[in-house]
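Every chain is numbered from 1 and lettered A, B, ... according to where its sequence line falls, protein lines coming before strand lines.
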Amino acid sequence: MSEVRTRFAPSPTGYLHLGGARTALFNYLFARHHNGQFVLRIEDTDRERSTAESIQAILDAMVWLKLDWDEGPYYQSQRVAFYLEHAERLLASGHAYRCYCTQEELEAKREQALRAGRKPMYDRTCRQRNEQPGGRPYAVRFKTPVDGVTVVEDLVKGHVAFENCELDDLIIVRSDGSPTYNLCVVVDDAMMRITHVIRGDDHLTNTPKQILMYRALDYPLPAFAHLPQILGPDRTRLSKRHGATSVLAYREMGYLPDALVNYLARLGWSHGDQEIFTREELIEKFSLDHVGKSAGIYNAEKLEWVNFHYMKTTPPPELARAVKPFIAARGYDLPGDDSWLAKMVATLQERAKTLVELVELGRFYLIDTVEIPPDLVHKHFKREILPALERLRELFATVDPWCPEAIQRAFERVMSEFHLGLGKIAQPVRIAVTGGTVSPGIFEVLDVLGQARTLRRFDSALTLARQLVALEATGTT
RNA sequence: GGUCCCAUCGUCUAGCGGUUAGGACGCCGGCCUCUCACGUCGGUAACAGGGGUUCGAAUCCCCUUGGGACCA
């Protein structure tokens with residue numbers, strides 16, 4: 001029984017985007033599900049476009065999503081010798097040949113073929129060349145069978161057949177001595193003993209060529225699974241104009257990694273009607289035969305909903321830990337007391353879709369003094385209820401211990417003494433302590449805010465209210 | 001241009017010959033209510049089109065259309 005080995009092989013030419021993250025996730029889940037190994041390989045043979053920052057960004061994103069790998073990262077740039085060695089092997093065994101055609105010659109042939117209405121394939125001039133012109137640069141081409149059919153038994157797409165005559169004699173080593181993509185992947189996947197190649201379906205048409213190379217090199221064939229693409233709402237490739245595509249951008253926007261993982265898992269894969277999966281459930285339930293064949297469209301609202309779900313269900317202490325960087329980023333002082341922060345978070349977590357939003361909603365908890373808008377005071381601190389509010393202020397001063405239940409009792413006492421509904425007095429208090437009309441439940445807000453800050457802010461509002469009432473009185477007489 | 005892939009509500013999807021075509025997001029409405037939310041109840045909305053196969057097709061086959069990918 002051979003062990004399952006999967007790999008994720010991004011090229012570091014940009015950030016890890018959602019599609020790549022999902023490919024990584026499926027490889028990770030498949031490996032974990034089968035108690036196998038998950039290998040990370042950086043395909044940085046394109047030295048022009050590969051950057052160190054990009055490599056770092058990909059690794060950071062993988063770590064953030066907790067897609068931990070067992071081996072690697074391997075770097076293709078350090079494995080060039082292996083590729084060339086394999087090209088030599090193919091040359092020696094007659095599965096490849098040297099092609100001396102120049103760029104110009106190829107270009108001309110292509111044009112000619114196109115004009116004649118033929119496919120722009122290499123005409124295989126050098127395939128039957130007998131003597132090797134020494135000293136001239138050459139590329140190495142793979143000798144593709146001229147007839148027969150190569151079949152990809154894809155775990156997602158099913159049985160896909162390609163006529164060999166439609167395949168070109170592809171270049172495996174360029175005339176400058178650099179190996180090409182198809183050679184590198186085959187050599188790496190074979191040497192790394194990858195059993196399941198799970199990748200985007202943009203590679204499906206490369207697969208028959210690769211299969212032919214596996215055979216020529218006498219390596220066992222891995223299983224292939226080609227995942228459908230993730231598209232933008234306009235059904236084109238996901239790009240910046242569809243919003244954020246970089247995984248790390250979601251971290252900055254205040255999304256939880258588990259939420260993104262959950263969303264990505266459900267985009268293209270399903271397990272009955274279930275929408276929410278813990279990491280363990282994903283590992284337990286993931287299988288390739290429930291991966292859909294059709295492209296999926298990225299839906300920001302759904303992601304937001306999934307994130308919201310995780311916001312609501314994450315234990316407050318944990319969420320408090322996650323929100324700290326966002327408090328700092330906003331420029332607020334970080335509360336020293338972790339349990340207080342957890343309490344604060346608990347009042348907001350079912351109101352905020354992201355960590356960023358949570359900090360925005362909790363602003364009044366984090367700043368020293370709130371600015372109380374006079375127009376709101378004017379509207380909610382009507383002269384008729386002022387006495388009730390003064391009385392409430394009086395009772396607040398005596399509440400001991402300061403807890404939601406005791407605070408509620410103070411409210412209820414005023415309500416019965418003045419025959420007022422809670423709405424009448426809760427809203428003025430809310431405005432006084434938060435500076436706005438929207439907040440979590442008033443008892444818990446006051447509780448978290450603490451007695452001293454409550455009294456201070458309430459006093460300021462009452463002072464302002466008295467001034468406004470006095471002003472009004474002189475104005476009307 | 002050639003080859004290949006794909007096609008169920010707007011979106012993610014369940015379905016794998018017999019269902020009032022189910023769920024979720026979104027949207028709309030009711031309830032709950034100290035504001036906003038949460039929650040809860042209900043509603044809206046789909047088998048791309050056309051041929052076959054079959055007693056019976058969303059499901060199997062073919063064509064068309066429409067998307068997408070790869071090779072250049």
Legend entry - Salt bridge flag under 4.0 Å for residues Glu357(A) and Lys353(A): no
Legend entry - Between C63(B) and C70(B) - P atom distance, rounded Å: 25 Å
Inset, instruction - Quick one, give me the B/S/- string for nucleotides 31-36 of chain B, reading 5' to 3', where B means a protein heavy atom under 4.0 Å from the base and S means that only happens at the primed atoms, P, OP1 or OP2. - result: ---BBB
Inset, instruction - Check the side chains of Thr207(A) and His226(A) for a donor-acceptor pair under 3.5 angstrom, ignoring hydrogens and angles. - result: yes
Inset, instruction - Any strand is fair game: report the nucleotide pairing with U3(B) by Watson-Crick or G-U wobble, both distances under 3.5 Å, or none. - result: A69(B)
Legend entry - Sugar-phosphate only, base, or nothing, as touched by Gly436(A) at under 4.0 Å among non-hydrogen atoms: nothing
Inset, instruction - Between C27(B) and U20(B), how far apart are the C1' atoms? Round to whole Å, please. - result: 24 Å
Legend entry - Anti/syn call for C41(B), syn if |chi| within 90°: anti
Legend entry - Arg330(A) and Glu360(A) ion-paired at < 4.0 Å: yes
Legend entry - OP1 or OP2 of G39(B) under 4.0 Å from side-chain N/O of Lys312(A): yes
Legend entry - C4(B) versus A58(B) - spacing of their C1' atoms, nearest Å: 25 Å
Inset, instruction - Counting heavy atoms from C-beta on, name the nucleotide in U13(B), G22(B), C70(B) closest to the side chain of Ser270(A). - result: U13(B)
Inset, instruction - Please give the nucleotide sitting opposite G18(B) as a Watson-Crick or G-U wobble pair, both distances under 3.5 Å, or none. - result: C55(B)
Inset, instruction - Rounded to whole angstrom, note down the P distance from C6(B) over to A14(B). - result: 15 Å
Legend entry - Short side-chain donor-acceptor distance under 3.5 Å, Glu284(A) and His33(A): no
Inset, instruction - Can you tell me, in whole Å, how much space there is between the C1' of A48(B) and that of G67(B)? - result: 11 Å
Inset, instruction - Would you verify whether the NZ or CZ of Arg391(A) falls within 45 degrees of the ring axis of Phe418(A) while also being under 6.0 Å from that six-membered ring's centre? - result: no
Legend entry - Ion pair check, Asp459(A) and Arg456(A), cut-off under 4.0 Å: no
Inset, instruction - Please assess Leu18(A) against Leu260(A) for the test side-chain contact (heavy atoms from CB on, under 4.5 Å), listing each intermediate value before the final yes or no. - result: CA-CA 9 Å; Leu18(A) 294 179; Leu260(A) 189 54; 4.1 Å; yes
Legend entry - Separation of Met213(A) CE from Asn206(A) CG (nearest 0.5 Å): 8.5 Å
Inset, instruction - Could you check which residues of residues 141-155 of chain A get a heavy atom under 4.0 Å from RNA chain B? Sort them by number, please. - result: none
Legend entry - Lys/Arg N to Asp/Glu carboxylate O, Asp188(A) vs Arg7(A), below 4.0 Å: no
Inset, instruction - Using only heavy-atom distances, decide whether a donor-acceptor pair under 3.5 angstrom links the side-chain of Gln274(A) to the base of G23(B). - result: no
Inset, instruction - Please report, rounded to the nearest Å, how far the P atom of C38(B) is from the CD atom of Glu357(A). - result: 11 Å
Legend entry - Touch class at under 4.0 angstrom, heavy-atom based, for Phe308(A) against every strand present: sugar-phosphate
Legend entry - Complement of C34(B), any strand, by Watson-Crick or G-U distances under 3.5 angstrom: none
Inset, instruction - Could you work out the separation of G10(B) and G18(B) based on their P atoms and round it to a whole Å? - result: 25 Å
Inset, instruction - Using the P atoms only, state how far C36(B) lies from G50(B), rounded to an integer number of Å. - result: 49 Å
Inset, instruction - Determine which nucleotide pairs with C25(B), using a 3.5 Å limit on both distances of a Watson-Crick or G-U wobble pair. - result: G10(B)
Legend entry - Rounded P spacing from U54(B) to A21(B) in Å: 25 Å
